[in-house]
Amino acid sequence: MHGGPNANAGAPAGLRQLLDGIDMLSRIDGWLGVICLVSLTALMIAEVVVRALSNVIPWVPADIPVAWEYSSYLMAACFTFGAAMTLRAGGHIRVTLVLARVSPAVRRWMETVLAALGTFFCGFLTWAMAYFTWRSFDAGQTSVSSGTLVWIPQVFITFGILLLTIQFAARFLQAMFGLPLEDVSMRAGAVAE
C-alpha cells in the first residue's frame, strides 16, 4: 500500500500496532474523501450536461432535482473524510512561526499540548455531531426537497470527524513518545507512486 520506512517503527510493540491501525484508518478515510470528491464532480457534470441537453431536447428535464442537496452532503463528506489523512500527512495549514524558533524539546512539548487540544476539540465536535445525528434519526427528520433521511449523510460526516479525533489522539501519543508526527508516505506524491 505504501513504501518506505514505517513512521511508527520506534514505538513499543503494542502502541505500534495501535498507531499502524489508526494510520490504516486514515488512509481509508482519505480514499473515502476521494470517492466523495469524484462523486461530487460527477454529479455536477451530470447537472451541467442535463441542463445543456434540456436546451436542445424538449423532453429532457432542466435539472437533476437532488443535485444541489446531494452536492452539499458530498462536499461536507469530502472535508471530513479527508481530514484525518491530511493531518497525518502534515497537509493542514499551520503557522510555524513560533515552532521554527524554539528548541526541539520545546517544540515537542508544544506539539503534545496542541495534539491534546486538537483531540479535545475534535472529540467535542464528534460528540456534538453524533448527538445531532441521533436527534435527526430519532425524529425521523427528512430533507424538504428530496425526502432524504438527513441522519444518513450526517452519519458519514460524523464518522469522518471521529476519524480526525482518533488521528489527533494518535498524534498526541506520537508526540509523547517522540515519534514522527507526519507520515510522508501519505502525501499526494507518495500515494500516487
key: M110 atom CE: more than 12 heavy-atom contacts under 6.0 Å   = yes
query = When rounded to the nearest 0.5 angstrom, what distance separates CE in M176 from CG in L15?
reply = 10.5 Å
message = Any side-chain to backbone donor/acceptor pair from Q174 onto L179? Under 3.5 Å, distance only.
response = no
request  = Drop me the distance from F79's CZ to L74's CG, to the nearest 0.5 angstrom.
outcome  = 12.0 Å
Atom pair CD1 (I22) and CZ (R171), whose distance is rounded to the nearest 0.5 Å = 13.5 Å
request  = Taking the side chain as every heavy atom from C-beta outward, state whether F81 and F159 have any atom pair closer than 4.5 Å.
outcome  = yes
ask   = Is there a path of hydrophobic side-chain contacts, each under 4.5 Å between heavy atoms of I, L, V, M, F, W or Y residues, that connects I35 with I161?
value = no
remark   = Heavy-atom closest pair (T80 atom, F156 atom, distance to 0.1 Å) is OG1-O, 4.3 Å
ask   = Among the clusters formed by ILVMFWY side chains lying less than 4.5 Å apart, do V155 and L25 turn up in the same one?
value = yes
inquiry  = Tell me if a side-chain donor or acceptor on T165 pairs with a main-chain N or O of C122 at a distance below 3.5 Å.
reply    = yes
inquiry  = If you compare all heavy atoms of P61 against all heavy atoms of S54, which two are closest, and at what distance to 0.1 Å?
reply    = O-CB, 3.3 Å
message = Donor-acceptor check, side chain of S72 to backbone of E69, threshold 3.5 angstrom: yes or no?
response = yes
request  = Hey, could you give me the CG/CD distance between L162 and Q167, rounded to the nearest 0.5 Å?
outcome  = 12.0 Å
inquiry  = Please evaluate residues D183 and R27 with respect to the criterion side-chain contact (heavy atoms from CB on, under 4.5 Å), reporting the C-alpha separation (whole Å), side-chain torsions for both, the decisive distance (0.1 Å), and the verdict.
reply    = CA-CA 11 Å; D183 185 348; R27 286 180 190 280; 3.8 Å; yes
ask   = With side chains defined as the heavy atoms from C-beta onward, is the minimum distance between I152 and V150 less than 4.5 Å?
value = no
ask   = Should R88 and D23 count as an ion pair when the cut-off is N to O under 4.0 Å?
value = yes
task = For the pair F137 and W134, name the ring-plane relationship: parallel under 30°, tilted 30 to 60°, perpendicular over 60°.
result = tilted
ask   = W68, M75: one ILVMFWY side-chain cluster at the under-4.5 Å cut-off?
value = yes
request  = In plain terms, say whether D20 and R16 are close enough for a salt bridge, that is, a side-chain N and a carboxylate O under 4.0 Å apart.
outcome  = yes
task = Mind checking the CH2-CG spacing from W59 to L53? Nearest 0.5 Å is all I need.
result = 8.5 Å
ask   = Within a strict 4.5 Å, meaning less than it, do heavy atoms of the S39 and Y70 side chains meet?
value = no
key: Within one Ile-Leu-Val-Met-Phe-Trp-Tyr cluster: V34 and L164, side-chain cutoff 4.5 Å   = no
inquiry  = Quick one: does any side-chain atom of S146 pair with a main-chain N or O of T148 as donor and acceptor, under 3.5 Å?
reply    = yes
key: Heavy-atom closest contact (W151 atom, S136 atom, distance)   = CB-CB, 4.1 Å
query = S26 and M85: which non-hydrogen atoms are nearest, and at how many Å?
reply = O-CB, 3.1 Å
ask   = Same cluster or not: are L87 and L173 linked, directly or through other Ile, Leu, Val, Met, Phe, Trp or Tyr residues, by side-chain heavy atoms under 4.5 angstrom apart?
value = no
inquiry  = Go through it in stages, so that I can follow the logic: the residues are M129 and I157, the test is side-chain contact (heavy atoms from CB on, under 4.5 Å), and I'd like the CA-CA distance, side-chain angles, deciding distance and then a yes or no.
reply    = CA-CA 8 Å; M129 192 63 197; I157 294 165; 4.1 Å; yes
inquiry  = How long is the straight-line distance from OG1 of T112 back to CG of L181, given to the nearest 0.5 Å?
reply    = 7.5 Å
query = So does R108 have more than 12 non-hydrogen atoms from other groups sitting under 6.0 Å from CZ?
reply = yes
query = Side chains of W109 and V113: closer than 4.5 Å at any heavy-atom pair?
reply = yes
request  = Assess whether atom OH of Y73 is packed by more than 12 heavy atoms of other residues, nucleotides or ligands within 6.0 Å.
outcome  = yes
message = Minimum heavy-atom separation for E47 and A67, please, with both atom names.
response = OE1-CB, 3.3 Å
key: Contact summary for V50 and A62, nearest pair of heavy atoms   = CG1-C, 4.3 Å
